[in-house]
Amino acid sequence: MRIAQIAPLYEAVPPKFYGGTERVVHALVEELVRRGHEVTLFASADSRTSARLVPMAEGGLRLTGARDGLALHMAMLEEVYLETDRFDIIHSHVDDLAFPFARHSSTPTLTTLHGRLDLPEGLRPRTDL
């Protein structure tokens with residue numbers, strides 16, 4: 001299976017210090033490669049992986065001091081979704097940022113939400129009341 005993995009750009013995969021999401025992404029990518037899948041990892045250039053790495057930032061944004069992480073994540077998502085014909089599935093780890101892109105893609109997207117799901121900003125108000 002041809003799998004795209006989209007990692008947050010804030011830390012390298014695996015992270016040098018802090019970075020729970022990036023540790024999970026690293027473990028998942030390495031196991032998928034070990035099992036014979038063709039995995040492409042979209043992540044920062046300082047990431048280490050046995051998958052095909054597509055560097056989307058010079059380094060983890062937290063350590064390089066980049067100012068606008070959102071712009072770089074959106075550019076990464078645009079690049080991934082321009083290449084959807086290369087993948088059987090896209091697995092996003094960048095929270096809800098991929099939703100608008102996935103909606104317009106025929107390639108299935110799996111999203112893993114690694115953060116808190118109980119914050120009021122993430123709750124959609126009910127309109128059927």
His37 side chain to Val33 backbone, donor-acceptor under 3.5 Å: no
- request: Kindly work out whether a path of hydrophobic side-chain contacts (I/L/V/M/F/W/Y, heavy atoms less than 4.5 Å apart) joins Tyr10 to Leu70.
  value: yes
Point-to-point distance, once rounded to the nearest 0.5 Å, from CZ of Arg48 to NZ of Lys16: 7.0 Å
- prompt: Is there a side-chain contact between Glu79 and Val54, using heavy atoms and a 4.5 Å cut-off?
  reply: yes
query: Going hydrophobic residue to hydrophobic residue with side-chain gaps under 4.5 angstrom, can you get from Val94 over to Leu41?
result: no
message: So does Glu58 get a backbone contact from the side chain of Asp46, meaning a donor-acceptor N/O pair under 3.5 Å?
response: no
message: Applying a strict under-4.5 Å side-chain criterion to I, L, V, M, F, W and Y, I'd like to know whether Met76 and Tyr81 cluster together.
response: yes
message: Just by distance, no angles: are the side chains of Thr112 and His91 close enough, under 3.5 Å, to form a donor-acceptor pair?
response: yes
query: Can you check whether Ala43's main-chain N or O pairs, donor with acceptor, with Ser47's side chain at less than 3.5 Å?
result: no
- request: Give me the ring orientation class for Phe87 and Phe42: parallel if the planes are under 30° apart, tilted from 30 to 60°, perpendicular past 60°.
  value: perpendicular
field: Closest contact, heavy atoms only, Ala51 versus Val29
entry: CB-CG1, 3.6 Å
- prompt: Rounded to the nearest 0.5 Å, what separation is found between the OG1 atom of Thr21 and the NE2 atom of His26?
  reply: 14.5 Å
statement: Exactly one candidate in Thr111, Leu110, Val80, Thr40 meets side-chain contact (heavy atoms from CB on, under 4.5 Å) with Ile90; the answer is Val80
message: Give me the atom names and distance for the closest heavy-atom approach of Arg62 to Phe17.
response: NH2-CB, 4.2 Å
message: Please check: side-chain N/O of Glu30 versus main-chain N/O of Ser50, any donor-acceptor pairing under 3.5 Å?
response: yes
query: Would Met56 and Leu72 show up in the same hydrophobic cluster when neighbours are defined by side-chain heavy atoms closer than 4.5 Å?
result: yes
Minimum heavy-atom distance Val13-Ala7, with the two atoms named: CG2-CB, 3.7 Å
task: Without swapping roles, check the side chain of Arg2 against the backbone of Arg86 for a donor-acceptor pair under 3.5 Å.
output: yes
Polar side-chain atom of His114 near backbone of His93 as donor-acceptor pair, under 3.5 Å: no
- prompt: So, do Met74 and Phe101 sit near enough that their side-chain heavy atoms are less than 4.5 Å apart?
  reply: yes
- request: Specify the closest pair of heavy atoms between Glu11 and Ser44, including all atoms of both residues, with the distance to one decimal.
  value: O-OG, 3.7 Å
- request: Would you mind reporting whether Met1 and Leu32 have side-chain heavy atoms less than 4.5 Å apart?
  value: no
field: Euclidean distance, Arg23 CZ relative to Leu28 CG, rounded to 0.5 Å
entry: 15.5 Å
- prompt: Can you tell me how far CD of Glu22 sits from CG of Leu9, rounded to the nearest 0.5 angstrom?
  reply: 9.0 Å
query: Any donor-acceptor pair under 3.5 Å linking the side chain of Thr107 with the backbone of Thr84?
result: yes
task: Give the cluster check for Leu77 versus Leu61: same hydrophobic cluster or not, with ILVMFWY residues linked at side-chain heavy-atom distances below 4.5 Å.
output: yes
